[in-house]
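Report on the structure given below.
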Protein chains: 2
Amino acid sequence: MKKPTLKERIIETALVLFEKNGYHGVTVDQIVTESGSSKGGFYHNFKSKDELLYYIHDVFISYVLEKAREAYDNFDTPVSRLCAMIQSFTKVFDLYKPHITVFYQESMYLTGEFNQQINEKRDDYRKLIIQVIHEGQENGEFRTEVPAEISAMAIIGMVNWTYKWFNKDGPLTIESIALIFNDLLLHSLLTEKAKNQEAVQAFLIKGQPIQK
Amino acid sequence: MKKPTLKERIIETALVLFEKNGYHGVTVDQIVTESGSSKGGFYHNFKSKDELLYYIHDVFISYVLEKAREAYDNFDTPVSRLCAMIQSFTKVFDLYKPHITVFYQESMYLTGEFNQQINEKRDDYRKLIIQVIHEGQENGEFRTEVPAEISAMAIIGMVNWTYKWFNKDGPLTIESIALIFNDLLLHSLLTEKAKNQEAVQAFLIKGQPIQK
DNA sequence: CGTTATGTACCGACTAGTCGGTCTGTTTCC
DNA sequence: GGAAACAGACCGACTAGTCGGTACATAACG
């Protein structure tokens, strides 16, 4: 493990502080003090406090988007693609919980240019989910009674909200939660016929309540 | 319609501004100017900018909690209770969208006393949902493979997230969205046997995709 | 009834403090 | 020695909150 650069240290510190106190609840002086740096060091690495916020957003959304694309490429059916995406996304909470909290709490304070770049990636992610659902509706595995756009937002909402309540030291691991999410989703989105396919059954939870 | 008091005018104005620019993106001076008031008028009605934020939070959460309790009291089966709660909650978006946006974006900036009071009501709401699911699991209508606590958070997440994307002028009314949410929920939470009951079937969507 | 007293809602110039950002060094590293 | 990385004193714009005052209503008084 190579020793972290000042830039990395600043980002780490800011992340922890932002998660706890919000972007506006943390001053540059605090970040600088806590990271054992200085104003000079900070502004040498970032054009502004805004840019730091942008970096944090970008690291997270870029990672998630890439993982979703990988999930899409590595599987070849709508069900397995969707499940893989949900799993990879949910698992990100272990790694990037502070990023995610900041992402959803503070994105409105991103200005102009920064805001636009993040929004593009966010849109790409949403479109990818909608696309998978559409593909599933076309091949008859997904119910068509519910519009794909709404299903997508329901999914995204369910998963995203996890940042408000997930606790690493709680009774369930993030992996268990990901399994539950997949189970809930498939039960609500698939046709009865599709649910009976063997390949799908593997994603559903049977019998006893899931445990850690 | 009686003419609004200054206090009401300030709250209305602040709501619109907060929704658009965030709590920290709006100054007291702006609120005062836009509402045709003054610093004095503002601080005569509110102890601080914080207290204004608290008021906005409280109006919304109190309303939602009351509606949920009504829903519980007016129905007598887990399924109908849950559906009624989801419907009343979802429909609130027409009425209180700015409150909700502020509620979820800015609640972290509520301090001490204020924060505590809001959290209590939020907890009460969550507990009520969990209770209904538990009751449904006990009478055999709800699946027991998934923990009630997680189901509850999945539901709350799905519904709450609506504030990020719902648009009054979009293709779907909030009532249609509420119906879809109920359909998705029941499909994922109920046992196969329960889904076939006539009383439950009424809450499910059949045939063609739902339209406005 | 007219006048004075009193409470309440509201006004707006002012202030004390804060915080993002700059500027002038100093150190580190090639 | 020169450039990049960093330190920290300093600045100025901005903002939540204050405070002395006004306008107006209702009540008390003679």
Side-chain angles (χ1 to χ4, degrees), chain A residues 2-58 102 105-115 118, chain B residues 1-58 102 105-115:
Chain A
K2 79 174 205 293
K3 123 174 194 243
T5 65
L6 176 59
K7 185 164 185 174
E8 285 162 351
R9 255 164 52 222
I10 289 177
I11 293 177
E12 270 324 296
T13 309
L15 224 26
V16 175
L17 291 173
F18 286 167
E19 185 184 16
K20 195 169 168 189
N21 306 111
Y23 179 70
H24 288 90
V26 177
T27 67
V28 174
D29 278 318
Q30 271 177 276
I31 298 170
V32 156
T33 306
E34 289 254 339
S35 64
S37 174
S38 64
K39 277 290 185 69
F42 183 95
Y43 283 97
H44 178 74
N45 285 285
F46 300 97
K47 284 217 311 272
S48 63
K49 195 185 173 192
D50 261 3
E51 197 188 63
L52 167 61
L53 186 60
Y54 168 75
Y55 260 82
I56 291 174
H57 274 68
D58 193 58
V102 172
Q105 293 287 344
E106 316 291 351
S107 60
M108 92 176 315
Y109 296 112
L110 279 176
T111 54
E113 178 71 8
F114 294 141
N115 188 38
I118 296 298
Chain B
M1 189 117 91
K2 76 173 206 294
K3 115 176 199 245
T5 66
L6 176 59
K7 186 165 185 174
E8 286 163 350
R9 255 165 50 222
I10 288 176
I11 293 177
E12 268 327 293
T13 309
L15 223 26
V16 175
L17 290 173
F18 285 168
E19 186 184 16
K20 195 168 168 187
N21 307 111
Y23 179 70
H24 288 91
V26 178
T27 68
V28 175
D29 277 318
Q30 271 177 277
I31 298 170
V32 156
T33 306
E34 289 252 340
S35 63
S37 174
S38 64
K39 270 294 181 64
F42 183 95
Y43 283 97
H44 179 73
N45 285 285
F46 301 97
K47 284 216 312 273
S48 63
K49 194 185 173 192
D50 261 3
E51 197 187 62
L52 167 61
L53 187 59
Y54 167 74
Y55 260 82
I56 291 174
H57 274 68
D58 192 59
V102 173
Q105 293 286 344
E106 315 291 351
S107 60
M108 90 177 316
Y109 295 113
L110 278 176
T111 55
E113 178 71 8
F114 294 141
N115 188 37

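Throughout, a chain's letter reflects where its sequence line sits, starting with A, and its residues are numbered from 1.
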Could you tell me whether the side chain of [Y] reaches within less than 4.5 Å of the side chain of [X], counting heavy atoms only?
X       : Y       : result
A/Phe42 : A/Asp29 : no
B/Glu34 : B/Arg9  : no
A/Ile10 : A/Val32 : no
B/Ser35 : B/Glu12 : no

Describe, in one word, how the ring planes of B/Tyr54 and B/Phe114 are oriented to each other, choosing from parallel (under 30°), tilted (30 to 60°) and perpendicular (over 60°).
-> parallel
For the residue pair A/Tyr109 and A/His24, categorise the inter-ring angle as parallel (less than 30°), tilted (30 to 60°) or perpendicular (more than 60°).
-> perpendicular
Pull out every protein N or O sitting under 3.5 Å from an N or O of nucleotides 16-18 of chain C, one pair per line with the distance.
none

Tell me: [atom1] of [X] to [atom2] of [N], nearest whole Å?
X       : N      : atom1 : atom2 : result
A/Leu17 : C/dC19 : CG    : P     : 13 Å
A/Phe46 : D/dA5  : CZ    : P     : 13 Å
A/Lys47 : C/dG20 : NZ    : C1'   : 15 Å
B/Glu8  : C/dA9  : CD    : P     : 14 Å
A/Lys7  : D/dC6  : NZ    : C1'   : 15 Å
A/His44 : D/dA5  : NE2   : P     : 4 Å
A/Asn45 : D/dA5  : CG    : P     : 8 Å

The salt bridge (charged side-chain N to carboxylate O under 4.0 Å, His left out) partners of A/Glu51 (sequence neighbours excluded) come to A/Lys47
Evaluate side-chain hydrogen bond (donor to acceptor under 3.5 Å, both in side chains) for B/Lys7 paired with B/Tyr55, printing each intermediate quantity in order.
-> CA-CA 11 Å; B/Lys7 186 165 185 174; B/Tyr55 260 82; 2.9 Å; yes
Which listed nucleotide (C/dG21, C/dC11, D/dA7) is nearest to the side chain of A/Lys49?
->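 Within the option list, the nearest is C/dG21.
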Using heavy atoms and a sub-4.0 Å distance, could you list which residues of residues 28-42 of chain B are near DNA chain D? By number, please.
->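 When residues 28-42 of chain B is checked for heavy atoms under 4.0 Å from DNA chain D, the hits, listed by number, are B/Val28, B/Lys39.
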State whether the side chain of A/Gln30 and the backbone N or O of A/Thr27 hold a donor-acceptor pair below 3.5 Å, judged by distance alone.
->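 At least one qualifying donor-acceptor pair exists.
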